[in-house]
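A note on names: the letters A, B, ... follow the listed sequences, proteins ahead of strands, and every chain is numbered from 1. Keep in mind that this is a model prediction, so the values were computed, not measured.
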Number of protein chains: 2
Amino acid sequence: MVDVAARAGVSVKTVSRVVNNAPYVQPELAQRVLAAVAELGFRRNHLASSLRSGQATATIGLLIEEIANPFYATIAGAVAEVASDHDTMLLIASSEEDPAREQQLLRDLCARRVDGLLVVPAGEDHSFLQSEVDLGTPAVFLDRPAGELRADTVLLDNRGGARAGVRTLVEAGHRRVGILLDSTSVYTMRERLAGAREALAAAGAAIDDRLVRDGIRDPGTAARVVGELLDQPDPPTAFFSLNNRISLGAVEELHRRGSTAALLGFDDFDLARLLPYPFTVVAYDTRALARAAAELLFRRIAGDPSEPRSLLIPTDLVERGLPGR
Amino acid sequence: MVDVAARAGVSVKTVSRVVNNAPYVQPELAQRVLAAVAELGFRRNHLASSLRSGQATATIGLLIEEIANPFYATIAGAVAEVASDHDTMLLIASSEEDPAREQQLLRDLCARRVDGLLVVPAGEDHSFLQSEVDLGTPAVFLDRPAGELRADTVLLDNRGGARAGVRTLVEAGHRRVGILLDSTSVYTMRERLAGAREALAAAGAAIDDRLVRDGIRDPGTAARVVGELLDQPDPPTAFFSLNNRISLGAVEELHRRGSTAALLGFDDFDLARLLPYPFTVVAYDTRALARAAAELLFRRIAGDPSEPRSLLIPTDLVERGLPGR
DNA sequence: ATGAAAGCGCTAACAA
DNA sequence: TTGTTAGCGCTTTCAT
């Protein structure tokens, strides 16, 4: 910048003003500065700028589990759009579901003085963020609640969606529903399971815990478990799959067997229409979830001092036929 | 840092040494410093640190078209892994296929003094990056070549893959092949089209340009175009779809019609096995593409001064049956 | 092994 | 409207 100033025959402050489009600079001087900038290939150092001006790195941090996962990629896309509207860049970090790594990454993001944090939490305790939040780095949690920290949160209506979905099964006469999930250690799974239990209980259906199977991580396992449940005496007449990886395996096995069991899945799929087995899904708008969280974050960054808020994004039942009828 | 120093009764330099795990600090002093750090909730300001030390923001920039797109999400995931191995964070920006926006984002990334740039180019001219590269910000281009700039490049073998795929169609006796693509303005599409032409030419098949249709942006359009081509007199007996969005529409229309046309697609799909119409794909390893590019970038960041390199990632033909036989 | 002082590139505060 | 000076938080240099 001093070089530019020397070349243009002005002070560094004037260069600073020109580069930042500040008012009260003579057009003629501005021209000279701009010329010098071009000749010298000058580019303002964003680091130095935000170091001095204290705030506004024009960067937000997004912490997710894994960017390659389409759910998180969709979140990242929606967040990036909102960030772009605020001339802000996105620093993305993947926790890989490891709470220790999550903590380290969040600390690192804070050390980089991001203007705010968007977190899909992996760990159970985020109290270590309290000091950062107090020091002025707002954080918004999405998809799962923060642990041990009062903070803005945007969640899906997992419980209500599951309840509504299972209610359609119950109304179609199903009483024995096989429930397939990956892990009860995940908040969303617990909520969806609770919703299913509520719907069954409301119908006075006894819940058979032998029909609830967890630890299903991939479509292959899902297919195997569906087979096992169907081969039991008194098998389920319907299945509720708690995420789309599981739905995929269930579709495959039910189709393979020519089963007539009804299938309900949480999470929609692009290709559901093309799959060989009809099923109903509890769908939701991932982009709306992410946009709501990002917009809330930018409101905080802009200084909104109100109490932490909790938003619930509704789900939508998409019926595509139940072969069990 | 001065507060920590005061609290621990040492100089700021000693605090700096402790925080950076520098050698030659008495364990006892280090203890005092660490205690003060904990008490005061001190976190080193990464901005100030890299401002002073000149280099090493421990950040790389990734410029893609759109993070929500699964192809780019996969790239981002693989890049994030490599970056994580180098204790580096990832600043992700989406060009949305707009060359002007691309240029602005790349300049912004440079202004933030990223250690290096990974670019899936949208524009045709990247000469504006020359000065940045000369000033020491290495850039690696992936999936498409850089325009007007000698730089490291990692590409898929689009042409070879298309050639091999279309050769299987030709060997199965097909001479009239409908070719479906989105836009010839995209490098990868031009290469894939060229490979298809080569394979047809090698078989002495006259290329009927009325069977080459571009401007197909979504599955719906693809389905419509497939229908139009099939309704022509002397319709194609096989189709080559140049990306998976197009393949999806083609599958749908061919299945709907109970067609026996052979289908070949560029890009694999997770769910190809479950789709109602068998087709062969030219598959490739997106993660390998991204890892190769990222690893090359980190070699440049580490100071590798060798000539710009060009890597070609091979494709793989996955045959899943051709209903036309 | 530790510290004092200078300065990275920029902008806030003030002065002219 | 423009310039001067100080200093953001840290690390380098050089002294001790």
*Pairs involving residues 51-110 of chain B, ordered by first then second residue, that meet ring pair (Phe, Tyr, Trp, His ring centres under 6.0 Å) (sequence neighbours left out)*: B/His86-B/Phe298
*B/Val2 near the nucleic acid: base, sugar-phosphate alone, or nothing, with a heavy-atom cut-off under 4.0 Å?*
nothing
*Sequence neighbours left out, what passes salt bridge (charged side-chain N to carboxylate O under 4.0 Å, His left out) with B/Arg32? Give chain and number order.*
B/Glu28
*Does anything in residues 7-43 of chain A pair up under ring pair (Phe, Tyr, Trp, His ring centres under 6.0 Å), and if so which pairs, sequence neighbours excluded?*
none
*asked:* The criterion is side-chain hydrogen bond (donor to acceptor under 3.5 Å, both in side chains); which residues satisfy it with A/Arg17, sequence neighbours excluded?
replied: none
*Output all residues satisfying side-chain contact (heavy atoms from CB on, under 4.5 Å) with A/Asp85, sequence neighbours left out; order by chain, then residue number.*
A/Arg291
*Taking NZ, NE, NH1 and NH2 as the nitrogens, is one of them in B/Asp304 or B/Arg309 under 4.0 Å from a carboxylate oxygen of the other?*
yes
*With a 4.0 Å heavy-atom cut-off, tell me which residues in residues 4-20 of chain B come close to DNA chain D, sorted by residue number.*
B/Lys13, B/Ser16, B/Asn20
*How would you label the contact of A/Leu47 with the nucleic acid (heavy atoms, under 4.0 Å): base, sugar-phosphate, or nothing?*
nothing
_salt bridge (charged side-chain N to carboxylate O under 4.0 Å, His left out) partners for A/Arg190, two or more places apart_ = none
*Identify, with sequence neighbours excluded, every residue that meets side-chain contact (heavy atoms from CB on, under 4.5 Å) alongside B/Thr137.*
B/Val114, B/Leu117
*Please list, chain by chain and in numerical order, all residues satisfying side-chain contact (heavy atoms from CB on, under 4.5 Å) with B/Glu148, sequence neighbours excluded.*
B/Asp125, B/Ser127
*the helix from C/dA1-D/dT16 to C/dA16-D/dT1: angle between its terminal axes, five pairs each, to 10°?*
30°
*Do any pairs count as a ring pair (Phe, Tyr, Trp, His ring centres under 6.0 Å) and have a residue in residues 47-66 of chain B, sequence neighbours left out, and if so which ones?*
none
*Hey, where on DNA chain D does chain A first and last touch, going 5' to 3'? Cut-off is any atom under 4.0 Å from a heavy atom.*
D/dT1 to D/dG9
